[in-house]
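These notes concern the structure reproduced below.
Throughout, numbering of the chain's residues begins at 1 and tracks the sequence.
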Amino acid sequence: QVQLVESGGGLVQPGGSLKLSCTASGSIFMFSRYATTWYRQAPGKQRELVADFTSSGSTNYLDAVKGRFTISRDNAAKAVYLQMSSLKPEDTAVYYCNVRLYTDVYWGQGTQVTVSS
């Protein structure tokens, strides 16, 4: 009954910016208690954690995106965002949002980000 809907992906030139959104709906309550995370996976590559935002407000980033990506959230809107700047071709991947509280884990459908000139 819980659904995470992602948006904001697309084609962008190197050095450009893009903002991804992930909005939860359905039977999810007290969104502020959940940890929210962005992952990405490129073809032939292993899935990797990009950015994490815990319920306590702490954030963690993949070394390759530090200083370029920013994760944020709006608990009232039940949404999590990923602002991406100074994009590089190696950032090309399908990006997935994840929301979890103990054994309750939910995934977005994924959104394609392509960085190419």
Q. With a 4.5 Å heavy-atom cut-off, do Ile28 and Val99 have their side chains touching?
A. yes
Q: Answer yes or no: is there a donor N or O on one side and an acceptor on the other, between the side chain of Ser117 and the main chain of Gln13, under 3.5 Å?
A: no
Q. Between atom OG of Ser7 and atom NZ of Lys19, what is the distance when rounded to the nearest 0.5 Å?
A. 10.0 Å
Return all side-chain donor-acceptor pairs below 3.5 angstrom for residues 102-111, not counting sequence neighbours, or 'none' if the list is empty.
residue : atom : partner : partner atom : Å
Gln109  : OE1  : Glu6    : N            : 3.0
Gln109  : NE2  : Glu6    : O            : 3.0
Thr111  : OG1  : Gly9    : N            : 3.3

Q: First locate atom CD1 of Ile71, then atom OG1 of Thr37, and finally report the distance between them rounded to the nearest 0.5 Å.
A: 6.0 Å
Q) Which heavy atom of Ser86 sits nearest a heavy atom of Ser17, and at what distance? A) N-OG, 4.4 Å
Q | With sequence neighbours excluded, residues passing side chain to side chain donor-acceptor pair (under 3.5 Å) with Glu48 | A | Arg40
Q. Does Lys78 reach the main-chain N or O of Cys22 with its side chain, forming a donor-acceptor pair under 3.5 Å?
A. no
Q.
Measuring from atom CG of Leu20 to atom SG of Cys97, what distance do you get when rounded to the nearest 0.5 angstrom?
A. 9.0 Å
Q) Any idea which heavy atoms bring Phe31 and Ala24 closest together, and the distance? A) CE1-CB, 4.0 Å
**Q.** All ring-ring contact (aromatic ring centres under 6.0 Å, His included) counterparts of Tyr61, not counting sequence neighbours
**A.** none
Q: Say whether Leu101 and Val2 are linked into one hydrophobic cluster, either directly or through other cluster members, by side-chain heavy-atom distances under 4.5 angstrom.
A: yes
Q) Thinking salt bridges, do Lys88 and Asp91 make one under a 4.0 Å N-O criterion? A) no
Q: Apply side chain to side chain donor-acceptor pair (under 3.5 Å) to Asn98 and list each qualifying residue two or more places apart in sequence or on a separate chain.
A: none
Q: Is it possible for you to say whether Leu62 and Tyr39 belong to one hydrophobic cluster, with membership spreading through side-chain heavy-atom contacts below 4.5 Å?
A: no
**Q.** Val65 with Trp38, same ILVMFWY side-chain cluster at under 4.5 Å
**A.** yes
Q: Taking the side chain as every heavy atom from C-beta outward, state whether Pro14 and Pro89 have any atom pair closer than 4.5 Å.
A: yes
Q: Verify the cluster assignment for Tyr34 and Val80: are they in a single hydrophobic cluster under the rule of side-chain heavy atoms below 4.5 Å apart?
A: no
Q. Which value, rounded to the nearest 0.5 Å, describes the distance between Ser85 atom OG and Phe69 atom CZ?
A. 8.5 Å
Q) Does Ser56 have any side-chain contact (heavy atoms from CB on, under 4.5 Å) partners at least two apart in sequence or in another chain, and if so, which? A) Thr54, Ser58
**Q.** Qualifying residues under side-chain contact (heavy atoms from CB on, under 4.5 Å), relative to Leu18, sequence neighbours excluded
**A.** Met84, Leu87, Val113
**Q.** Spatial distance of atom CZ (Phe53) from atom OH (Tyr81) [nearest 0.5 Å]
**A.** 12.0 Å
Q | From Lys45 atom NZ to Thr92 atom OG1, the distance as rounded to the nearest 0.5 Å | A | 12.0 Å
